[in-house]
Amino acid sequence: MRVVRRADGIPGPEVFELITTPMPDCPPGGVLLRVLNAGVDPAMRGWLSAEKNYATVPDGTVMRALGVGEVIESRSADWAVGMAAYGWLGWQRYAAVPAAELLWQADIAAAPPETWISIFGLNGLTAWIGLTHLARPKPGETVLVTTAAGGVGGVVGQLAAAAGLRAVGLAGGPEKVARATAQLGYAAAIDYRAPGDLAAAIADTCPDGVDVFFDNTAGQLADAIFPYLNTGARVIQCGTASVASWLPPPQGPRRERDMLVKRLTWHGFVAFDHTDLFPHALAALRELHAMGKLVSHDHVLDGLEHAPGAIRMLYRGENRGRLSIRP
Ligand SMILES: NC(=O)c1ccc[n+]([C@@H]2O[C@H](COP(=O)([O-])OP(=O)(O)OC[C@H]3O[C@@H](n4cnc5c(N)ncnc54)[C@H](OP(=O)(O)O)[C@@H]3O)[C@@H](O)[C@H]2O)c1
């Protein structure tokens, strides 16, 4: 799937072109993989926009994506034919990549490929780093999470429950709210799209205030949550899914006084800043999974032809779990 132009707003089919090319050669020091599953991530909106972004995908190149693939040819000492790898494989059926693009081995006998791009992939690691390493919550504290039923949010809820925290989620629609409380570790969840007073719903579900705000949306949801932060609360700024553009900067309430008076800490982070923690985080996630305390909720689209509309699905909240494509 090749990128052919910059996106105006949320990237849709007009941004991509499905092309057929000859099978690529295995590069020196690299591997050739059959892609089993490729992720669809909210961050792709930024990569395809005209705004300057750290991970811009240039026109004319294969769409960048993390995925899982089976090695079918190898010229790397680290990878043997038959192994499965998680790494930067792109939206394509076969990927010829340098070994440096592969992040870790995926044990697909133990869990299917989609699990390796969700709870054992970037979503799981992001949740673990944000909650465990940055927020450092104490048992009994309240953790409030936006996009609670999504790929990252679904792991945060389960990690919080396993750590003895009280997790409260915000999600769009009754199905996601029900799944958050029944399966994703949340003690309570709020349907932020339902008519009614969101502030009152937050006050009701968080009677002791909020100690950790794990924010995936920013915008109006964050505006509604800030007044309920406790003194010493930590804000984990993981995503900004509700804000379509930062040029010009969107306007909202000013929070500097809250920062000062409540001694807040606001952590902005990108999971890839913490690669040193990846092995430890992955081991912790696998252990929780083996204990039955962490399940993967995946929404897999069959066929690369669904990829061009998939980013829009995320921004319409149509995904039911971590969205990916089986090419
Ligand atoms: N910092 C990092 O290193 C890092 C790494 C990975 C991901 N992230 C971020 O983490 C967040 C979650 O990623 P994910 O892969 O797990 O995606 P996801 O939560 O599975 O899917 C995106 C969700 O965003 C919500 N959403 C979309 N538009 C919205 C809007 N206008 N207002 C409120 N909610 C909206 C929808 O949930 P509802 O239906 O519930 O509204 C949708 O399901 C994203 O912001 C992503 O960029 C950050």
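No hydrogens, no waters, no symmetry mates; every other heavy atom, side chains included, goes into these values. In listed order, ligands and their atoms are each counted from 1. Here, residue 1 is the first one in the sequence, and each next residue gets the next number.
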I want to know if ligand 1 touches [X] in the polar sense, i.e. an N/O pair below 3.5 angstrom.
| X | value |
| --- | --- |
| R322 | no |
| V270 | no |
| G172 | yes |
| V152 | yes |
| C238 | yes |
| F269 | yes |
| G151 | yes |

Residues D208, T142; criterion side-chain hydrogen bond (donor to acceptor under 3.5 Å, both in side chains); working and verdict: CA-CA 8 Å; D208 299 325; T142 297; 5.5 Å; no
Which atoms of ligand 1 are found less than 4.0 Å from any heavy atom of [X]?
| X | answer |
| --- | --- |
| G317 | 36 (C), 39 (O), 42 (C), 43 (O) |
| A171 | 40 (O) |
| P42 | 13 (O), 14 (P), 15 (O), 17 (O), 44 (C), 46 (C), 47 (O) |
| T126 | 2 (C), 4 (C), 5 (C), 6 (C) |
| T147 | 19 (O), 23 (C), 24 (O), 25 (C) |

Looking only at protein heavy atoms, identify the closest one to [atom] and say how far it is in Å.
| atom | result |
| --- | --- |
| atom 3 (O) of ligand 1 | A271 N, 2.7 Å |
| atom 39 (O) of ligand 1 | K176 NZ, 2.6 Å |
| atom 43 (O) of ligand 1 | N319 OD1, 2.6 Å |
| atom 10 (O) of ligand 1 | N216 OD1, 3.4 Å |
| atom 32 (N) of ligand 1 | S242 CB, 3.3 Å |
| atom 28 (N) of ligand 1 | Y315 O, 3.6 Å |
| atom 27 (C) of ligand 1 | L314 O, 3.4 Å |

Parallel, tilted or perpendicular: ring planes of F214 versus F269, cut at 30 and 60 degrees: perpendicular
Plane angle bin for W88 and F272 - parallel if under 30°, tilted between 30 and 60°, otherwise perpendicular: tilted
Hphob cluster co-occupancy, F213 + L131, side-chain heavy atoms under 4.5 angstrom: no
R286 with D107: basic N within carboxylate O range, under 4.0 Å: yes
Salt-bridge criterion met for E14 and R312 (N-O under 4.0 Å): yes
W104 and Y86 aromatic centres sub-6.0 Å: yes
Aromatic ring proximity F16/W91, centre distance under 6.0 Å: yes
Residue that, paired with H297, satisfies side-chain hydrogen bond (donor to acceptor under 3.5 Å, both in side chains) out of R320, R322, Q183: Q183
Qualifying residue, where the test is side-chain hydrogen bond (donor to acceptor under 3.5 Å, both in side chains) with N216 and the options are T147, T146, T126: T147
R234 to W266, cation-pi by 6.0 Å centre distance and 45° axis angle: no
Closer than 4.0 angstrom: is that true for some heavy atom of [X] and an atom of ligand 1?
| X | result |
| --- | --- |
| R193 | yes |
| T240 | yes |
| Y192 | yes |

Worked verdict on S118 versus N123 for side-chain hydrogen bond (donor to acceptor under 3.5 Å, both in side chains): CA-CA 5 Å; S118 58; N123 295 83; over 6 Å; no
E114 side chain to S296 side chain, donor-acceptor N/O pair below 3.5 angstrom: no
Which segment of T217 sits under 4.0 Å of ligand 1 when only heavy atoms are counted: side chain
Part of R316 within contact of ligand 1 (heavy atoms, under 4.0 Å): neither
Under 3.5 Å: donor-acceptor pair, side chain of R257, backbone of K262: no
Gap between atom CG of N319 and atom CD1 of I311 - 0.5 Å precision: 12.5 Å
Shortest reach to atom 15 (O) of ligand 1 by a heavy atom, considering only L221, N123, V243: N123
Proximity winner for atom 29 (C) of ligand 1, if only heavy atoms of G321, G130, A244, A241 are counted: A241
